[in-house]
Protein chains: 2
Amino acid sequence: MPERKDAHHLHDLFQLPPGRTLDICLKIHAAILEHRLAPGTKLSEDEVGEIYGASRTVVRAALQALAHTGLVTIEKNRGAFVAKPSIREAHEIFEARALIEPRVARMTAKAITENDLARLQAHIDAEHQALHDGDMGKALSLSGAFHTTIADIAGQQVLAHMVRSLISRSSLIISMYWKRPDTACESHSHHALMKAFAEHDSDAAEEIQKSHLIDLHSGLNLVEVRQQHDSLKDILRTG
Amino acid sequence: MPERKDAHHLHDLFQLPPGRTLDICLKIHAAILEHRLAPGTKLSEDEVGEIYGASRTVVRAALQALAHTGLVTIEKNRGAFVAKPSIREAHEIFEARALIEPRVARMTAKAITENDLARLQAHIDAEHQALHDGDMGKALSLSGAFHTTIADIAGQQVLAHMVRSLISRSSLIISMYWKRPDTACESHSHHALMKAFAEHDSDAAEEIQKSHLIDLHSGLNLVEVRQQHDSLKDILRTG
DNA sequence: ACAATCAAAATTGTATACAATATTTGTGCA
DNA sequence: TGCACAAATATTGTATACAATTTTGATTGT
């Protein structure tokens, strides 16, 4: 179960002490990453509190922590919503990833152990399995986990924290702008990275990661997406 | 008053809606950046609440937001403290800055306007004035503001957010590990950067920023600092 | 039918009360 | 004096109550 292992590192994304606030953060975080919560969804304090059996105090703290990572947007007196990254934000996030992650991959190639390689391979296998099962959300989530695990292996916690945050937000971006929703997003890049890591070839790892991210970026359809619900009435009128 | 202008951008460091929670965040943030709050200082909820005339609810939210940026550490059932970055963290933060800020400087050199140049110059002047007045805290804070303003000018909000966060934490690092506490930290690098910006010389800007950050990094005395208060009794015993 | 307006309901913002956990203080004992 | 232990105090964690604001829904008039 690779997810458990990552969960251990995940807590530092929120910088919160163990407790129910953190639990709720992680649950909602996972739900967003697996695309079970769509961008724009209202996260009512009462509703979330009832689901997890917690009071508003705790839920509120969790939502504010999620807001800080950019996964949730809080509007004054209106509450919390799953974030809807703009096109500009999408470009910026992938530009940041293209800057940071290749460097991280270089460090990973130097530091990686046999055990780490096995962990990464487990991610790839699990992702493959999820795709086979038709669980797209899980597959995407695991694809992100592959990247965060690479950052963990690099052993640079500050950069790893940034990568985790960027990847979480990338998940939202993909759910909004991915060109081929029904297409497997698994490229051969992850396999190529594995090879470079196994050979401790840091130059290759950096280069592969860089082009992989450029590929991902260009796989996005970054044009205005029409909002569906707001104009629902108008849509029905025309029919 | 350049600070006012930056304050406008600063709110996004916390991703909070306007309100007293954000106000308290900004006040404590400023206090830490100006070294009026030393690393390790306990931030009691009641105490902070009384100072700013707010209830614990609001203060708590502010402290958690600050914790998320890494300026404050929250320990379960023990409360919030001004963070004390470890030596490892210090290295990692400056490594991250050396990766991100040169790239940002490159973008800035391309995008900068006359008005922006004036803003940057105002920072330099204010810093010089603060040094002249002997207000070291303010000077350091303004030195950081110079870097964050550069990031704002670059127009890449995601990277700018990261830079702001890194610089805030750098301020803590400097207060803990700076080699020459009584020495002016102003290098000629900022002036050299201004020249490169004015000439839209992005290659030079990137290179200067890179070596500037390496200089800063090497200006730190990254060895264990003895904690003073804990062993106060022992110290007095020996005397 | 449609728009405007206002009351009712629901939701968030904040303060406060109580419970759980640390910290401090004081006491007894070696 | 020094240490161990226990009561008292202080602080944080959580739930709840109330105020402020927004959203919803009904009513009215055109």
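So that the names make sense, note that chain A is the first sequence line, chain B the second, and so on, each numbered from 1. Quantities reported herein were computed from a predicted structural model and do not represent experimental measurements.
- Look at CD on A:E50: it is 14 Å from P on D:dA15, rounded to the nearest Å.
- What separates CG of B:L43 from P of D:dA10 is a distance of 20 Å, to the nearest Å.
- Looking at heavy-atom distances under 4.0 Å, B:R56 makes contact with a base.
- The phosphate of D:dT12 has OP1 or OP2 within less than 4.0 Å of a side-chain N or O from B:K42.
- One side chain, B:R97 or B:S170, offers a donor N or O that lies under 3.5 Å from an acceptor on the other.
- In summary, the side chains of B:D116 and B:T113 do present a donor paired with an acceptor at a separation below 3.5 Å, with no hydrogens or angles considered.
- Side-chain atoms of A:E95 and B:Q156 form a donor-acceptor pair, as typed in the model, at a separation below 3.5 Å.
- Closest to the side chain of B:V58, out of C:dA15, D:dT14, D:dT11, is C:dA15.
- Between B:T57 and B:G79, the residue anchored nearer the 5' end of DNA chain D, judged by the nucleotide with its closest heavy atom, is B:G79.
- Remark: P of C:dA22 and CD1 of B:I74 are 16 Å apart, rounded to the nearest angstrom.
- C:dA19 atom P lies 16 Å from atom CZ of A:R20, rounded to whole Å.
- Rounded to whole Å, atom P of C:dA20 lies 18 Å from atom CD of B:E45.
- Counting to the nearest Å, the P atom of C:dA15 and the CZ atom of A:R60 are 11 Å from each other.
- Between B:L22 atom CG and C:dG13 atom C1' the separation is 15 Å, expressed in whole Å.
- Checking C:dA15, D:dA15, C:dT12 against every side-chain atom of B:S55, the shortest atom distance belongs to C:dA15.
- Note on A:D133 versus A:K138: no salt bridge recorded, every NZ/NE/NH1/NH2 to OD/OE distance being 4.0 Å or above.
- Note: CG (A:N77) to P (D:dA20) measures 12 Å, nearest angstrom.
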